[in-house]
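Below is one structure, written out as structure tokens; the observations come after it.
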Protein chains: 2
Amino acid sequence: MSNADKETLDRILIAAESLFADQGYDGTTLRQITRRAKVNLAAVNYHHGDKESLYLEVLRRRIQPINQTRLAMLDEAEQQAGDQPVPLAVLMEILAGPLFELYAGPDENGRHGARLIGRALVEPLPFTETFLAGEFQPWLARFGQALRRHVPALTPEDFLWRFSFVIGALQHALATLHRMKSLTRGICRDNDHNAALPRFVQFATGVFGARP
Amino acid sequence: MSNADKETLDRILIAAESLFADQGYDGTTLRQITRRAKVNLAAVNYHHGDKESLYLEVLRRRIQPINQTRLAMLDEAEQQAGDQPVPLAVLMEILAGPLFELYAGPDENGRHGARLIGRALVEPLPFTETFLAGEFQPWLARFGQALRRHVPALTPEDFLWRFSFVIGALQHALATLHRMKSLTRGICRDNDHNAALPRFVQFATGVFGARP
DNA sequence: GTCTATATCATGATAGAC
DNA sequence: GTCTATCATGATATAGAC
């Protein structure tokens, strides 16, 4: 693949990502994307097929590395723990860390990607369902097992409800990180991932910690 | 207002509500709404002006009674508590109870309204911002004060982060209540508000309970 | 591979008859 | 108040020149 291709492709993906994160799938037009990417309208169809395919590519580009990292972190943590359960705080770091790192990392567009992941999971589009299920199911199954060991007395239903609450808190945090200042009347800062991650870990550890 | 008016108006609002809840604002067309409501396409413009006004009316119809109920419950709880803080579990019932009651109540369309509230708060549309701020700010301020008394040692920033996590959990629970079965591979039931509310109260009480 | 030009269609909104 | 008919716009997608 030539260099010019790569740049055009990347510009489209990056422009699409930030617009999808801000406005959602239906709220974003291909014209907005090509305008921001400074490419011709036809380029997106040529490179990515239709709008749905483009959206899935944007998602896949962010979700796959994150879930790979999570699996690798889980591997290492379980090896270190031996027969013992992986500590709760470590599990929650595995859950949230890669997302906040994407948000904060060297890739300045990562924060749009992280926000988009939160948004894509909240508002389901029909054509993303099987894709998202396939992307998350493998690592979520293993993560759930590891987490389950900390609360063996909970019924499966109780466990899943608690897990659902924690996932909701994480997605909400990701989706609002860029406007926390206005949401908190100036008390919290915008994009303050350094504040968010440890507080989330503490929060989530407490939820699954030793309580009735 | 004549009876026929009211029925037409209501049919439009109810149809719009369920479609907005399923597909979001941008994903829903006026034609879908009028088709489901079995009214003419022009009726919605005649009665409600444009699409944005209709959306705001749909939201207002659900949000106003809920926040009024919350304020009344808070009044009563504070009167009962006297100088003492209102118990945490009571506060969380005030936060979540009216929403789950709308979801489960005698109005069979309430569940779409409850889901829409969750969705409207997650994915902000430019033209809803001032409306939503105005609707929630009055009661949220009082609720925050009451909740704050349980964790006076927390910094304002820590407090707001925890509150944000809890709000996110609540919104996520509301937004996914109708598809919990598929999300949990059959373990939780769909629309099981009787399972969700007490578990949320327990969860949220724990988050603000006596922990470091 | 890239762009111009365009085909095709659906949308929100309205004018005007009844 | 309600409906038919229609408008202007902007959407996705593609055909075909270069």
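Residue numbers start from 1 in every chain, and the chains themselves are labelled A, B, ... in the order their sequence lines are given, proteins ahead of strands.
The distance between atom NE2 of His47(B) and atom C1' of dA13(C), rounded to the nearest whole Å, is 16 Å. Spacing between atom CD1 of Ile33(A) and atom C1' of dG10(D) amounts to 15 Å, rounded to whole angstrom units. One can place CD of Glu52(B) at 14 Å from C1' of dT11(C), the figure rounded to the nearest angstrom. The CD1 atom of Ile12(B) sits 13 Å away from the P atom of dG1(D) (whole-angstrom rounding). Between the CG atom of Leu19(A) and the P atom of dA11(D) there is a distance of 12 Å, rounded to whole Å. Atom-to-atom, CZ of Arg35(B) to P of dA10(C) comes out at 10 Å; the value is rounded to the nearest Å.
Residues forming a side chain to side chain donor-acceptor pair (under 3.5 Å) with Asn191(A) (at least two apart in sequence, or on another chain): Tyr103(A), Arg111(A). With sequence neighbours left out, the ring-ring contact (aromatic ring centres under 6.0 Å, His included) criterion links Phe100(B) to no other residue. Applying the side chain to side chain contact (heavy atoms under 4.5 Å, CB included) rule to Ala120(A) yields the partners Tyr55(A), Leu59(A); only residues at least two apart in sequence or on another chain are considered. By the side chain to side chain donor-acceptor pair (under 3.5 Å) test, Ser18(B) is found to be paired with Arg36(B), residues two or more places apart in sequence or in another chain being considered. Contacts of Arg179(B) classified as side chain to side chain contact (heavy atoms under 4.5 Å, CB included), with partners at least two apart in sequence or in another chain: Pro124(A), Thr176(B), Ser182(B), Leu183(B). Listed by chain and number, the residues in a side chain to side chain donor-acceptor pair (under 3.5 Å) with Glu17(A) are Arg62(A) (sequence neighbours excluded). Listed by chain and number, the residues in a side chain to side chain contact (heavy atoms under 4.5 Å, CB included) with Ala195(B) are Glu157(A), Trp161(A), Asp192(B), Arg199(B) (sequence neighbours excluded).
Applying the side-chain hydrogen bond (donor to acceptor under 3.5 Å, both in side chains) definition to pairs two or more places apart or across chains, those involving residues 112-121 of chain B are Asp22(B)-Arg115(B), Arg119(B)-Glu123(B).
Of the inter-residue distances, the one linking Ile187(B) atom CD1 with Arg185(B) atom CZ reads 9.0 Å to the nearest 0.5 angstrom.
Side chains of Thr34(A) and Asn40(A) form no contact here, defined as non-hydrogen atoms less than 4.5 Å apart.
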Could you list the protein-to-nucleotides 16-18 of chain D atom pairs, N/O on both sides, closer than 3.5 Å?
none

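Within residues 36-46 of chain A, the residues having any heavy atom under 4.0 Å from DNA chain D are, by residue number, Leu41(A), Ala42(A), Asn45(A). For DNA chain D, none of the residues of residues 20-31 of chain B falls under the heavy-atom distance limit of 4.0 Å.
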For residues 126-136 of chain B, which side-chain donor-acceptor pairs fall under 3.5 Å, sequence neighbours excluded?
{"unit_1": "Thr128(B)", "atom_1": "OG1", "unit_2": "Leu125(B)", "atom_2": "O", "d": "2.8"}
{"unit_1": "Glu135(B)", "atom_1": "OE2", "unit_2": "Gln64(B)", "atom_2": "NE2", "d": "3.3"}

